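Have a look at the structure below before the remarks.
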2 protein chains.
Amino acid sequence: MTEPTNPEVAATTDPVKKNGRDGKSKPTIYDIAKVAGVNPSTVSRALSKPGRVSAKTQKMIEDAAAELNYRVNPFARALPTGRTNTLGLIVADITNPTFFGIIRGAESTATARDYTLMLAESAESSETELTAARRMMATVDGLILASPRMDDDHIRALAGDKPVVVINREVEGVPCVVPDVNKGIGEAIRSLAANGHKKIAYVAGPPQSWMSGRRWEGVQAACEWSKLEAVRLESSKPTVDGGRQVARDVLSSGATAVLTYNDLLAIGLMQELQAASVVVPDQISIVGFDDIFGADFTTPPLTTVRSPMAECGTEAATLLLDVLHGTEHPVSTLRVETELVLRGSSGRLLRGG
Amino acid sequence: MTEPTNPEVAATTDPVKKNGRDGKSKPTIYDIAKVAGVNPSTVSRALSKPGRVSAKTQKMIEDAAAELNYRVNPFARALPTGRTNTLGLIVADITNPTFFGIIRGAESTATARDYTLMLAESAESSETELTAARRMMATVDGLILASPRMDDDHIRALAGDKPVVVINREVEGVPCVVPDVNKGIGEAIRSLAANGHKKIAYVAGPPQSWMSGRRWEGVQAACEWSKLEAVRLESSKPTVDGGRQVARDVLSSGATAVLTYNDLLAIGLMQELQAASVVVPDQISIVGFDDIFGADFTTPPLTTVRSPMAECGTEAATLLLDVLHGTEHPVSTLRVETELVLRGSSGRLLRGG
DNA sequence: CAATTCTTGGCAACCGGTTGACAAGCGCGA
DNA sequence: TCGCGCTTGTCAACCGGTTGCCAAGAATTG
């Protein structure tokens, strides 16, 4: 095994030594083969296919590997097998707390199955997302897309390369994990109806958001069932500031209760209404979505429909690993339940405040 | 090039084909060599060392690569070179918003330099952290440790293998990016002094936290300078709940202003004091640390010392990439400035409330 | 014009594993 | 005792790039 002898080459292509930075070579299966007195292919079989060698040989090889502090080179293994024991995860916005649970759930499941998670974000851009996805595809065994912004055809094309699982969206022909928003929305609308509200406003999310469309449909259906009036308001962006900006529209709409596309909109809305001396929930009830980190920091703490994001992450990673290991999976769309988390921002409408 | 012909082997080791899942082979430099009529080594040089081949040959090869939709196999490249264009980042708690900026900053810098970020968390456990670090070391070019929990010797051992940069902690012999907490603490203490406060309480973080110790030292020094009294209180955990639990101690201490180890403690403290009808900031001022996501959701919004985490992430990634590319870097500890963000939770002490 | 030097493409070994095919040896049954 | 089948270790080709070394041809200089 030779190292580069051309200092110019070393300086430009590989400033750190290929082996340990202290100059010592890392042990390989050839070293183990020497110590154990067997062929390198026997060492490889012992390490990756125990049972294909005799118990006596297996022990000799394992002892030698321990003695040499051997670690498998993942590139060398990946080259002939294509496997890296890595899962990719792309989220739309890494600072949006909606994704915490997804990341946490995916990460813990991956780790439990001896996989590593590689994370990237799309910054809400479908181009950036596709670029990140294509780059990840080169080195991961499979990919999870959380609230993807690219179109269905691109997603299916990626899935043609390696297994893909999508969270928060249904894509024909691709396994998905989707919160059942109707359950949580139903609970929210029933709660508001019970508190005397007659007119509900829904503050929508980004126009290209599949989930915002589903949530609006759920609100409409639940209001129809409870014989309440539903009105839809647009927001400029799904942020605290976007929630502030929509406050005037909310008041103008005459609605006494608001359900927003996400918690950030709800929090911004609450802050702006309170700045205008509107009392929450006495004069208007506010319900958010997702139960993000910080949702209970507000005064009053925010009522919200919780999407079990950690469960989404866990189920998506499990689904992906099952596909990778060839385990049959009966469903292509896995639904996880949402539920209403009642806090102080929604309650009985008091007449006149 | 043969595919496995033993179905049992295929079924157990590699359920997805090595090539595209549609069965077609991915183009390699051998295919390009055939199309362009040159040797594969010439193709490799053209793709990774433009200039080492003639302009005519370069164009032929690039055209052929585009025609075949060629993509380099990162494993094949990594095997001889050891390079994967991947950076590792380990954070203590992925759901702690302190790390958002770090992740975002590191990720955007990595992406700009054509690197991918691989993320893992230590779940506040030094064992888990070391395990994750060792695993990452196999496949990344370098590693960033954010608020690491492992001891200095382990960090230096990792750095002996591949380049490491540490955020939020100083480790002898390892490049670090550390917020200069004294600037922000100084601003906070001066602000409180100007508002008439005489006795300041510091609510500490985890005993093993290096940063908590630095912050306490900063508070002591700043109070001594401003001739204020400083008292230190312990918290059981650096969470909202931990902040709630320390409320009684805070009141007993007689301090009229509190600076906490982090924003979560401040938020929990505020909630608990407000539940006891203590008026913030009229009766007690509260200052947090880090300006996390959600710090301005509270009522009143939280005054806090902002650590520029995105800048920390960016500088750490830049430092690591500089080391990887052999660019000389003069300093081994890079300090980034903190600053006070004045919001409503701190103000003039009103006599008697 | 000849000799020397430079450019540039080819050869082949290598990176560190995996694995199909094969052969030697052992065990069992007729 | 012999023949057959199974077990298990070895051989060597392969995965898809990289790169040191070499040689052929072109360019430059004396």
Side-chain angles (χ1 to χ4, degrees), chain A residues 1-10 12-14 17-19 25-33 36-58 60-61 65 68 70-84 138-139, chain B residues 1-10 12-14 17-19 25-34 36-58 60-61 65 68 70-85 138-139:
Chain A
M1 184 190 297
T2 59
E3 294 184 284
T5 54
N6 183 338
E8 183 238 338
V9 170
T12 58
T13 59
D14 190 3
K17 284 182 162 66
K18 292 182 306 264
N19 300 314
S25 283
K26 281 176 164 44
T28 71
I29 59 172
Y30 296 87
D31 301 306
I32 296 174
V38 294
N39 198 272
S41 58
T42 305
V43 177
S44 177
R45 285 208 166 88
L47 296 179
S48 64
K49 279 183 168 53
R52 176 61 178 79
V53 303
S54 70
K56 177 169 158 250
T57 304
Q58 180 80 32
M60 269 188 341
I61 287 166
L68 294 169
Y70 166 81
R71 293 239 180 85
V72 68
N73 181 322
F75 313 133
R77 176 168 281 179
L79 190 46
T81 66
R83 282 185 288 109
T84 59
T139 55
Chain B
M1 182 188 298
T2 59
E3 292 183 285
T5 54
N6 183 336
E8 184 239 337
V9 171
T12 58
T13 59
D14 189 4
K17 286 182 160 65
K18 296 184 299 267
N19 300 314
S25 283
K26 282 180 165 32
T28 72
I29 59 172
Y30 296 89
D31 301 307
I32 295 174
K34 271 201 179 98
V38 294
N39 199 272
S41 57
T42 306
V43 177
S44 178
R45 288 205 168 90
L47 297 176
S48 64
K49 279 186 168 55
R52 176 59 178 81
V53 303
S54 71
K56 179 171 159 249
T57 303
Q58 181 77 34
M60 271 192 333
I61 286 166
L68 294 169
Y70 166 81
R71 292 232 183 93
V72 67
N73 181 323
F75 312 133
R77 177 170 280 179
L79 191 49
T81 65
R83 284 185 290 108
T84 59
N85 279 52
T139 55

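The model shown is predicted, which means the values in this text are computed figures rather than measured ones. Naming convention: chains lettered A, B, ... in sequence-line order (proteins, then strands); numbering from 1 in each chain.
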Fill in the blank from the handout: Smallest heavy-atom separation, A:V38 atom then A:M60 atom, equals CG1-CE, 4.1 Å
Whole-Å distance separating the [atom1] atom of [X] from the [atom2] atom of [N]:
X	N	atom1	atom2	value
B:L47	D:dT18	CG	C1'	12 Å
B:N73	C:dG16	CG	C1'	14 Å
A:R83	C:dT19	CZ	C1'	12 Å
B:L68	D:dG16	CG	C1'	15 Å
A:K56	C:dG25	NZ	C1'	13 Å
A:L79	D:dA13	CG	C1'	13 Å
A:I29	C:dG17	CD1	P	5 Å
A:I32	C:dG16	CD1	P	12 Å

Residue list, side-chain contact (heavy atoms from CB on, under 4.5 Å) with [X], at least two apart or on another chain:
X	result
A:A65	A:I32, A:Y70
B:A33	B:P40, B:V43
B:T84	A:F75, B:A78, B:T86, B:D141
A:P50	A:Q58

Practice task
Using a 4.5 Å cut-off on heavy atoms from C-beta on, say whether the side chain of A:V72 contacts that of A:L47.
Solution key: no
Handout entry: Heavy-atom side-chain contact between A:S44 and A:K49 under 4.5 Å
Key = no
Practice task
Would you please confirm or rule out a distance under 4.0 Å between OP1 or OP2 of C:dT19 and any side-chain N or O of A:K49?
Solution key: yes
Problem - Any A:Y30 side-chain N or O less than 4.0 Å from OP1/OP2 of C:dT18 - result: no
Problem - Of B:A76 and A:S48, the one whose closest DNA chain C nucleotide lies more 5' - result: B:A76
Exercise for the section: Have a look at B:V72 and say if it touches a base, only the backbone sugar-phosphate, or nothing, with a 4.0 Å heavy-atom cut-off. Expected result: sugar-phosphate
Practice task
Determine the contact category for B:F75: base if any of its heavy atoms lies under 4.0 Å from a base atom, sugar-phosphate if only primed atoms, P, OP1 or OP2 are that close, otherwise nothing.
Solution key: nothing
Practice task
Under the side-chain hydrogen bond (donor to acceptor under 3.5 Å, both in side chains) rule, collect the residues that match up with B:N73, sequence neighbours excluded.
Solution key: none
Handout entry: Counterpart residues, side-chain hydrogen bond (donor to acceptor under 3.5 Å, both in side chains), relative to B:T57 (two or more places apart)
Key = B:S54
Using atom names, set out every protein N or O paired with an N or O of nucleotides 8-10 of chain D below 3.5 Å, distance rounded to 0.1 Å.
residue: D:dG9; atom: OP1; partner: A:S54; partner atom: OG; Å: 2.7
residue: D:dG9; atom: OP1; partner: A:T57; partner atom: OG1; Å: 2.7
residue: D:dG9; atom: OP2; partner: A:S54; partner atom: N; Å: 3.2
residue: D:dG9; atom: N7; partner: A:R52; partner atom: NH1; Å: 3.3
residue: D:dG9; atom: O6; partner: A:R52; partner atom: NH2; Å: 2.9
residue: D:dT10; atom: OP2; partner: A:N39; partner atom: N; Å: 2.8
residue: D:dT10; atom: OP2; partner: A:T42; partner atom: OG1; Å: 2.7
residue: D:dT10; atom: O4; partner: A:R45; partner atom: NH1; Å: 2.9

Fill in the blank from the handout: One would report the end-axis bend of the helix from C:dC1-D:dG30 to C:dA30-D:dT1, five pairs per end and rounded to 10 degrees, as 40°
